[in-house]
Each structure stands twice: as structure tokens, then as C-alpha cells.
Number of protein chains: 2
Amino acid sequence: MTMPVSDRSTRGDLTRDTLLQAAMQAFAAEGYDKVSLRALAARAGVNQSLIGYHFGHKQGLYRAVFVEIAARIRARLDPEMAAVEAALSEGEGARDRAADFDALFRLTDGVLALMTGPGSDAWARLIMREQQRPTEAFDILYDGFMGRFLDLVERLVARLAGPIEPEAARVLALTVLGQILVFRSARASVLRAMSWRDIDAAAMATIRTALHRNLQALLAAAPP
Amino acid sequence: MTMPVSDRSTRGDLTRDTLLQAAMQAFAAEGYDKVSLRALAARAGVNQSLIGYHFGHKQGLYRAVFVEIAARIRARLDPEMAAVEAALSEGEGARDRAADFDALFRLTDGVLALMTGPGSDAWARLIMREQQRPTEAFDILYDGFMGRFLDLVERLVARLAGPIEPEAARVLALTVLGQILVFRSARASVLRAMSWRDIDAAAMATIRTALHRNLQALLAAAPP
DNA sequence: GTCTATAAAGTGATAGAC
DNA sequence: GTCTATCACTTTATAGAC
């Protein structure tokens, strides 16, 4: 007579999740304004009015997409972040430049793969959108992983670059970020300038090599 | 009986220009899809149907905005570009590293001011939009100034960095661009990380100092 | 939780008078 | 060139049956 408990508690969650995935795709591919809830619901195979039921309104759905993105990225970057934290926790005295560089490279490689690798289009575009025109969704991103990432890079480059003002270390960390991000933020120019069709594994290897070389040059110890 | 010739030939151009300026503002501030031609015409103090008359349709207006942007930027960057070309035309033999760096700094400073300086919001955001999702408007930008800029940076860094593969020089040029662009493309993160309210003259000076130092470190001559 | 149906307010484009 | 008026269509949101 009664439905199985699992179904009763699961059916709605499945609908919610289906909508969330479709929304992430659609918002990234077409931009917030161009996405119609009619088309979104149709593509997800879900009734349109269920969007209102599960997320309230369009903005609520948009916001939920970012909570999902932040959670995914945090999970994916956690090993690299933890490695950097481990490297940093070894006190100044016992520092090992090679190990510090290694931790830094793992972190930058991770972010590069995240922002330019296969399947990165969906979230990367949404993140860029929030950088240009931040809404409440930006806070979800910054508090979720961006702040922590920038803080780690800043502390690492400060240690590697030798005596440096805190403000200079922060700017330096941002220019490091910029060297990675440009392959996403200026993607159209990158593809044209490099005559690439997309950023595939070979291209990514080329980029990684250049980045590692750049970081070593930028963080060469000041002459004693 | 007849209207003055100047009026007859000018009235329409004025309307066209008014619409163009309003459109640049509006598209940058709200994004293509969110701009309604009704609201745009109202803000410009022009009848809505005149958009159709002068630009055909919404896309035509959008396209015209980019022709305008490319022209403005080309004009603004022309002195710096010419300086780099002059530096490059002095053959390899007679090269003067200090002069090369000087030309490079003028170019990067120019682009930095263009992309982050006061009043840059309008065009910078539109350029970013085209980088993420290029339309025919991107060609106007790339052919108008981007291609030339990247080419000049590539040739300059190739000369300064010593023996380097062409592909590596191009990637290096892109990472140089990235260090500038990050202050626009990741603007929300930059402001939060630096505790800046906006990128004012002082902030820009800080960035310039960091960039110059970075470029010198990146392009240090390989040990002989 | 899911559905149908529809209200209320937008949108871009254009015909036709001046 | 500029205007008014309107067509044809899409949008988000929600009321109400199941």
C-alpha cells in the first residue's frame, strides 16, 4: 500500500539533482539571462514548475549551482592544498626549497587542470562570470576555495622569494595566478595565437613546462 | 525652406553615435541578453525604432560597438606599439637590453592602464565576454589590436630571453599577458585579496612595480 | 512531489504616417 | 530620419487539481 521508504525520500532528491546538473551546463553554456526555465526543464526531462518547488526562483537555482561547484572544486583540490599546508608547516628553519617548489607546482598544476582541462568549461565559465560581475554566488566561491588557494600561494612565494613585503607577496601570488588563468580568461586569444583547436593534453604539458620555468625564474632567491 | 546642409547630414549621425555610446555602456554593464532595446533607447533619449533604422537589429548594434572599441584602443595603444616596433627594427646586432625593456614596459603599462584604469570597465568587460564566448565581434578585436600586441610581445621576449623555441616564446608572451590581465579577469578576487576598493592610481603603481620586477626576472639572460 | 494551465509582464521587430 | 502603434512571441512565476 505504501511506497518503499527509499523511494519516498529519494524521488525529490533525484529531481533536484537532475535539475542542478542541467542548470550548471546551461548557465555555463548560454549565460544566466539566456537560459529559459522552460528549456532547462525540458532538457532535464522535468516539469517546469518543479524548479519553483525545489529552488524557489531562478536566482535560487543559480545559487545552488555555485554551492555545488564550490564543493566539487574543494574536493578536487584538497590533496594539493593539503600538500602545500604540510610543506608550509615545516618551519622556516628546516626549509627545503626543492620540496617547497614541488608543493607549489602540484598546486598550480592542479588549478591549471581544473580551469583548462577537459570538462572545465562548465564551471570555469561560471567562475569567470562571477569575477566580472560578482553576486552573492562569488562569496560561495571565495569562501569555498579561492581565498584558501590565494593564501597558500602567497605564503609559499613569500618563503621562496626571500625577504618581501606582505603586500608585494600578495601581488606576486596574483601574478602567478594570472599566468595560469590567462589560458582560461583569454582563451579565444590563446587558441588563435597558438593555433590550437583546444587545450588538449599536449598543450597542457607545454603550458606546465613554461609555468614551472617561469616560477623558478620569478622565485629565484635574491642574491645574498 | 530646406534645412541647413550640415543638419541634414549630421542629425542622423548624432543619433547613431548617441545610441552607440549608450549601447557600449549598457552591454558592458548588464550583458547582451539583459539589455532591452526599449530601455536602451529610452536611456539614450532616442526612439526605439531608430535602432532598427541605423543598425538593423540588436546584433548589428552589438557589432558596431566592437568596431568602435577596437578603433579607440588601437588609437590609444598606437604610440606604445610603434615604440616597440622601433626597438625591434634595430637589428639583433645593435641590441640594447635596457632599451628593449623600456619598450616592453611601455607596452605592458599601456595595456594595464587600458584594462584596469579608470573608465576601463565598459570595454574591458565586453572584451572579456568575447574571450569566453567568441562571436564575430572577437575577430574585430583580434584583427584590430590583439594580434598585433601579442606578436610584438612575443618577438620582444624572444629577443630578451635568449635562445628560445618559437612556441615557447608565444607561451611566454601569453603568461606575460596573463600577469596583466589577471587584474581585470579575476578582478573580484584581486579586490578581496588585496583589500582594495577599486584599482586606483596607487594600486596601479604597486602592480606596475611588481610587473616590471617580474619581467626582469623572467627575461634574465640565460647564463652564458 | 508532480502535473496542467495560465496570468502578467516582458521581448525584438516592423508597418506606416509624417 | 523620426515617430506611434502594434504584432507575434517568450519570459518567470504561480494557482489549483491530483
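Every chain is numbered from 1, with letters handed out A, B, ... down the list of sequences.
Heavy atoms of B/L50 sit under 4.0 angstrom from at least one base atom.
Here the C1' atom of nucleotide D/dA13 and the NZ atom of A/K58 are 12 Å apart, to the nearest Å. Per the geometry, NZ belonging to A/K34 stands 14 Å off C1' belonging to D/dT10, to the nearest Å. Summarising the geometry, the separation between CG on A/L19 and P on C/dG1 is reported as 13 Å, rounded to the nearest angstrom. As a whole-Å value, the separation of B/D33 CG from C/dG12 C1' is 12 Å. We find that CG of A/D13 is positioned 7 Å from P of C/dG1, with the value rounded to whole Å. In this structure, the CD atom of B/Q48 is 12 Å from the C1' atom of C/dG10, given to the nearest Å. Rounded to whole Å, atom P of D/dA13 lies 9 Å from atom CD of A/Q59. A straight line from CZ of B/F55 to P of C/dA13 spans 13 Å, rounded to a whole angstrom.
Put simply, the residue from A/V111, A/V84, A/I73 that forms a side-chain contact (heavy atoms from CB on, under 4.5 Å) with A/F149 is A/V111.
Nearest-nucleotide positions on DNA chain D for A/S36 and A/G56 put A/S36 closer to the 5' end.
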### Task
Run the numbers on B/R74 and B/D78 for salt bridge (Lys or Arg N to Asp or Glu O under 4.0 Å), then give the verdict.
CA-CA 6 Å; B/R74 193 168 35 230; B/D78 196 66; over 6 Å; no
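For A/Y53, counting side-chain heavy atoms from C-beta on, the closest listed nucleotide (D/dC3, C/dG12, C/dG1) is C/dG1. Side-chain proximity of B/S49 to D/dT4, C/dT4, D/dA13: nearest is D/dT4.
Within the 4.0 Å cut-off from OP1 or OP2 of D/dT2, at least one side-chain nitrogen or oxygen of B/T15 is found. Look at B/H54 and you'll find a side-chain N or O under 4.0 angstrom from OP1 or OP2 of D/dT2. Between B/N47 and D/dG1 there is no side-chain polar atom (N or O) within less than 4.0 angstrom of OP1 or OP2.
Using a 3.5 Å distance cut-off with no hydrogens or angles, the side chains of B/S185 and A/Q131 do not pair a donor with an acceptor.
More than 12 heavy atoms of other residues, nucleotides or ligands shown are found within 6.0 angstrom of CZ on B/R192. Heavy-atom neighbours of A/E30 CD from other residues, nucleotides or ligands within 6.0 Å: above the threshold of 12.
Judged by atom type and distance alone, B/R38 reaches the base of C/dG12 through a side-chain donor-acceptor pair under 3.5 Å.
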